[in-house]
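In this text, all values refer to a predicted model and were calculated from it rather than measured experimentally. Atoms considered below: every heavy atom in the structure, side chains included; atoms not considered: hydrogens, waters and symmetry mates.
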Amino acid sequence: MLLEIKGLDVDFPTRRGTVKAARAVSLTVEPGEVLGLVGESGAGKSTIGNAIMGLLEKPGRVTAGEIVFQGQDIRGLPEDQMKKIRGDKIGMIFQDPQTSLNPLLTIGEQLVETIQKSLGLREKEAEVRAVELLESVGITHAQTRLKAYPHQFSGGMRQRVVIALALAGDPDLIIADEPTTALDVSIQAQILDLIKGLCRSRNLGVIIVTHDIGVIANIADRVAVMFRGEVVETGTVGQVLGAPKHEYTKSLIAAVPRADRKLDRFTSVDYIEGGAKPFQRIDVQTHWLGQAQDLKSPEGTAINVRNLELGFTLKKAIRRKNRVILKAVDDVSFDIREGETFGLVGESGSGKSTVARCIVRLYAPDGGVIRVMGRDLLTDPRAPETRAAKRSLQMIFQDPYSSLNGRMRVMDIVAEPMRSFGLTSGERETRKIVGDLLDHVGLGAEVALRYPHEFSGGQRQRISIARALASRPRILICDEPTSALDVSVQATILNLLKDLQDELGLTMLFISHDLPVIRQMCDRIAVMKDGRICEVSENEALFSNPSHPYTKHLLDLMPRMDLLQPAVA
Amino acid sequence: MTEHTEDVSGKPPSLWARILDSDITYSFLRTPSAIIAAAITLLAVGAALLAPWIAPFNPFDPSQISLWDGKLPPAWAEGGQPQYLLGTDNQGRDMLSTILYGGRLSIIVGIAAVCLGMVLGVTLGVISGYFGGMVDAVIMRFADVQLTIPGILLAILINGIGRAALPLEFREEFAIYVVIVAIGLTDWPQFARVTRGATLVEVNKEYVQAARVIDLPGWLIMTRHILPNVMRPVLVLATIGLALAIIAEATLSFLGQGIPPTTPSLGTLIRVGNEFLFSGLWWITFFPAIALVVLVFAVNLLGDWMRDALNPKLR
Amino acid sequence: MFAFILRRLAQSILVMAVVSAIAFSLFNFVGDPVNNMVGQDATREDRVRIRQELGLDDPVLTQYVRFLGNAVQGEFGLSYRIKRPVDQLILERLPATLELVLVSAVIALVLGITAGVYTGIQRNSWFSRFILSSSLVGVSLPTFIIGIALIYIFAVYLRWLPSSGRGGVVDLGWWKTSFLTIDGWRAILLPALTLSLFQTTMILRLVRAEMLEVMQSDFIKFARARGLSERAINFGHALKNTLVPVITIIGINIGGLIAFSVITETVFQWPGTGLMFIQAVDFVDVPIMSAYLCFVALVFVIVNLVVDLMYFAIDPRIRIGAQ
């Protein structure tokens, strides 16, 4: 047994009472095995890693339990003894490779320093060892790279350097806290392979802390599922993902979007969002929300985009040939039919969000034409028809923590589009409709007088949706609407969007980097790479029979989910 | 740190309840130095504003001044008289009263100057950050150039030019406004920089984009959305700026460039008293100087606490 | 790298152009230059003659170009009051100011950075709390009050040090220095302390704040997780990252020292450029005011250029582009 945690309690005293970040947590890790610690935000999974290292952030502290590492209880060891364990016996990998390395020191300096501290080698020997380490994590030309600074590496390469640093003291246990969350899908897979390989070849114990079931399915041998500070279930990957026992695990896994086939709705996830109110239906025939939709699109096309071009200047220079311009959107054309959900999928930097921002006029395109309900919004911007077309377009943003103005009440946030477009007969009606909308998205009218900071991420996203509905839109543009949310909350929000679409006959442009989500939400899908569209296909066709090599590549990178229990038909 | 569904049912708290329950109030009530600083500041501002009603004498009323009572030491010292608690100056004015009146002038000038600098700087900063491009470049280059010349020097210069530009007979009468404008004009680049920085962060947040999507006009986005969200660092800067403005006014007056001796501010009093320091009349300088330092220290202490309390990183 | 320096150089030239334009406009907007030169009772003919001699009837742009041409050669005309060339006056008084600023800067940097690092690392020791509270007092003490207090204590009460003047100076022909006599050192001590106190506390507080900020960053957490010693973390990792913003402020603070030398020199009757400037403002002696303005801006621009070059030495992100 490499590590055994018995009955660990971690408390965070705050002014509003003590938060029990971990309660009676017991875990074991064997050498050569990857333990996945999975849970949603606030489950306490990162706390466990920090507690093992003795690096809990203040005011957190371990109040009970044992952390037995190689037969010794290391809980509460004095600082000078912990220093000998950190790095030498237990290494740690952090989430964001952009910030985990000191920007002012070369990676050679950082490696040599760590190696000297842990192994007591002389500088020359330490350098030789640093080169070996870099090679072992897959960095070529290691000798010359020693003199490079962190900013000269790409994100994936930096994470390899971070791993090399964690291995520098030749530890027996590695704790990796969300090691691939900040990385793109294609790099994610490589880093996971690297960690798995190192675990096997060096007979390391590894704890992977993650919120991502896909990561667990790909790398872990055993899994511990955490929920509100407790480990609710442990077992082998096959057993926990394939035949979960605990109710929480079951609903968590049910909420994971599947890529193998499209379902009508996500299966019930009521275990998690206990507080959500039942969906209050509005009779669209009679309610304000369904009225005055006189806008007709020609030939049933809600949005058509032709030869869209947009470049960003990355480097200014006086001479033309020295300028560096990034073609964020390069000759993009597509049509979105009325009433359908059109998906735009691609990795970060592919230009998918830029397209959306061009459509809602946050960016002015360099070239091409965008028509919304048959009108070009840039010509004659003051005309009443143009304003009606603008009104028909609404957007839901990615980050629920920045998409609501923290200084405004929910009432004013939701009412703003109505007031701006003058859609109601007066303040009385506005207030009533705000209440109806909040009811409709499952929050209840009485939250209108509260401020955004009082709500959780999922609840905020519901406020955003209510606000978007307040201009009586025909088209909803959703830019990664759930990528900042926990998987269980994601399922409820996606269900809400589906319901709204059925009810109001909305057209949706749905943007995501997440293929399984796209699979569940969209009718037709466009795949983007480097500012261009690779292919546009029907949902079923794209997943069963991709035509473009890049699409195939993306599908191959999707985490294997065949371990998951078969969907309830 | 826990992220599950928050309970938002029931009646939302009132404004007063929210203020009492806020993290700022919590931090304030647990920082003794902040409470003391706030108390001193309130006391000083109160005493200064109420000076005409609470001062034992009116130092500007010739009928209440007698030269016979000049240069008297404080009441507890040998030769002091009980009605003049802190003694009298060379013209026989009661020190306590002149300090109260002088502090009033110092505080008024300080607050007015900071307000001027803040309004100018915040306006230009928000505009600069929101529009970017050429507008931003022009405004910020201006600020950069102005920051090239150290503040107090610029205040002396603007003040000197302002005085020279006024006809002689108005110089004393308008001196106070000239000082306010001089200090206010010196202050704006700091406010503009901080506001612009905060605006650049806010502009990229999605709530601003959401407002642009519904075609809200730019001035509404700036005033309704951006302004309330950039005010935190501005308020911290304004508090620290108030301390600096009071010092700047005192310095100008001490150099003989600011408020004239007929209606003295604390700086003027120190300047006048300084001439008598060598002859042993220490109280004419000492008490105004102490008053000034305590006032500035209290404001600084408050600003220091605010900066820590409003900085989420340090909590 | 070349482009970076070129851009900074262009910015400096822009700054100097704007400042010189302001300095030039002082001549036209503050008082009547002819009046200032010949006094109220000159005849009408005299005035017309002088106007022509000075070229005041030429277009403004021509006058500005002429002013600029002269200014580049250090030529700012005659002082209205003392009737001597301004460049001579400034050069005579420059050593006094520069020596004062130099001594103050050394005191402020050494004390400020040491105390800042100490309070940043030993966050909770009683000594750091003490330093921190006293630093707030330091920020709250106006320079002139410090000066008066020091004079009262050391010159009037204890009679240890002189209250004004430079004491014994040695004339090196081109530079009058007070560094070569004990008397000179005794004279510079009080003004230098006065001038440095405010800057010391500012630097201290800034270094500490930056230290605390860096301590929160991920790479420090990662360094901890690798078991590096506190020493290596504090001095090898944190301090170097603190330096980048600190250097910027130090540049600004040297400008501040020059500005506050105006006050210090007035309090101590120190025969430097600051005292001359304050007297010039009193008498609306425009040539001196305008020359002094340009001089201060020039010093500041040079300091900033040096700061930029220091960034280069410290921060590889500026030195080497990403691959």
Atom pair [atom1] ([X]) and [atom2] ([Y]), whose distance is rounded to the nearest 0.5 Å:
| X | Y | atom1 | atom2 | value |
| --- | --- | --- | --- | --- |
| C:I278 | B:L255 | CD1 | CG | 4.5 Å |
| B:I161 | C:M289 | CD1 | CE | 5.5 Å |
| B:N300 | C:S135 | CG | OG | 9.5 Å |

| field | C:M211, CE atom: more than 12 neighbouring heavy atoms under 6.0 Å | value | yes
| query | Would you say B:F142 has more than 12 foreign heavy atoms packed within less than 6.0 Å of its CZ? | reply |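 Count not over threshold, so no.
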| Side chain, backbone, both or neither of B:A250 within contact of chain C (heavy atoms, under 4.5 Å) |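 It is both, since atoms from each part get that close.
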| request: Please state whether the side chain, the backbone, both or neither of B:L154 comes within less than 4.5 Å of a heavy atom of chain C. | output: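 Neither part.
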Does any backbone or side-chain atom of [X] lie under 4.5 Å from a heavy atom of chain B? Answer side chain, backbone, both or neither.
| X | value |
| --- | --- |
| C:I145 | side chain |
| C:F198 | side chain |
| C:I22 | neither |
| C:I151 | side chain |

Could you tell me if the side chain of [Y] sits less than 4.5 Å from the side chain of [X], heavy atoms only?
| X | Y | value |
| --- | --- | --- |
| C:I148 | B:F254 | yes |
| B:Q257 | C:D282 | yes |
| C:F260 | B:L153 | no |
| C:V281 | B:I156 | yes |
| B:I247 | C:F144 | no |
| B:R141 | C:V15 | no |
| C:P142 | B:V293 | yes |

| note | Most contact-rich option vs chain C, by heavy-atom pairs under 4.5 angstrom, among B:L292, B:V296, B:L301, is B:V296
| field | Residue among B:A248, B:A289, B:A298, B:G256 with most heavy-atom pairs under 4.5 Å to chain C | value | B:A289
| Intermediate values then yes/no, side-chain contact (heavy atoms from CB on, under 4.5 Å), B:D144 and C:Q11 | CA-CA 10 Å; B:D144 285 350; C:Q11 262 175 21; 5.6 Å; no
| task | Count the heavy-atom pairs under 4.5 Å between each of C:N304, C:L141, C:V137, C:T266 and chain B, then report the option with the highest count. | result |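 Among C:N304, C:L141, C:V137, C:T266, the one with the most close pairs to chain B is C:V137.
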